[in-house]
Amino acid sequence: MKTLQDIEDQIIRLSTSIEVNYPELYMTLDENPITIPSKVHPDMNVSIMEDYLESLKQILKQYIKTHNKQ
């Protein structure tokens with residue numbers, strides 16, 4: 001079973017990769033409704049962070065699919 005720290009590490013690695021390799025996408029992540037919590041003080045647990053990680057993966061996958069990097 002993954003720990004919260006494991007998932008946070010994956011999020012950091014993926015975010016860093018997006019920032020370095022797809023800076024134009026990285027700039028939009030802060031404004032993406034998928035990545036913004038709807039609660040003022042959200043509880044961060046494994047399930048929520050796994051969902052967030054998965055949403056980042058899907059955003060990147062869709063971006064790559066629609067913006068062929070040359």
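As a basis for the values below, the full set of heavy atoms in this structure was taken, side chains included, without hydrogen atoms, waters or symmetry mates. In what follows, residues are counted from 1 in the order of the sequence shown.
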Inset, instruction - Name all residues meeting the side chain to side chain contact (heavy atoms under 4.5 Å, CB included) criterion together with Q10; count only those two or more places apart in sequence or in a different chain, and write none if there are none. - result: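 With neighbours one apart ignored, the set is K2, R13, L53, K57.
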Inset, instruction - Could I get the full list of side chain to side chain contact (heavy atoms under 4.5 Å, CB included) partners for Y63, not counting sequence neighbours? - result: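 Checked Y63 against side chain to side chain contact (heavy atoms under 4.5 Å, CB included); matches are Y22, E24, L25, H67.
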Interatomic distance, [X] atom [atom1] to [Y] atom [atom2] [nearest 0.5 angstrom]:
X   : Y   : atom1 : atom2 : result
I12 : I7  : CD1   : CD1   : 12.0 Å
L4  : M49 : CG    : CE    : 6.0 Å
L29 : S55 : CG    : OG    : 9.0 Å
L14 : I59 : CG    : CD1   : 9.5 Å
I18 : L60 : CD1   : CG    : 4.5 Å

Inset, instruction - Indicate whether the side chain of E54 and that of Q58 have a donor and an acceptor atom separated by less than 3.5 Å. - result: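 Checked: E54/Q58 side chains pair up, N/O donor to acceptor below 3.5 Å.
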Inset, instruction - Would you check if I48 and Y52 make a side-chain contact, meaning some heavy-atom pair closer than 4.5 Å? - result: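 SC-SC contact between I48 and Y52 ruled out.
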Inset, instruction - Kindly indicate whether the side chain of D6, heavy atoms from C-beta on, has any atom under 4.5 Å from the side chain of V46. - result: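 The answer is no; the side chains never approach within 4.5 Å.
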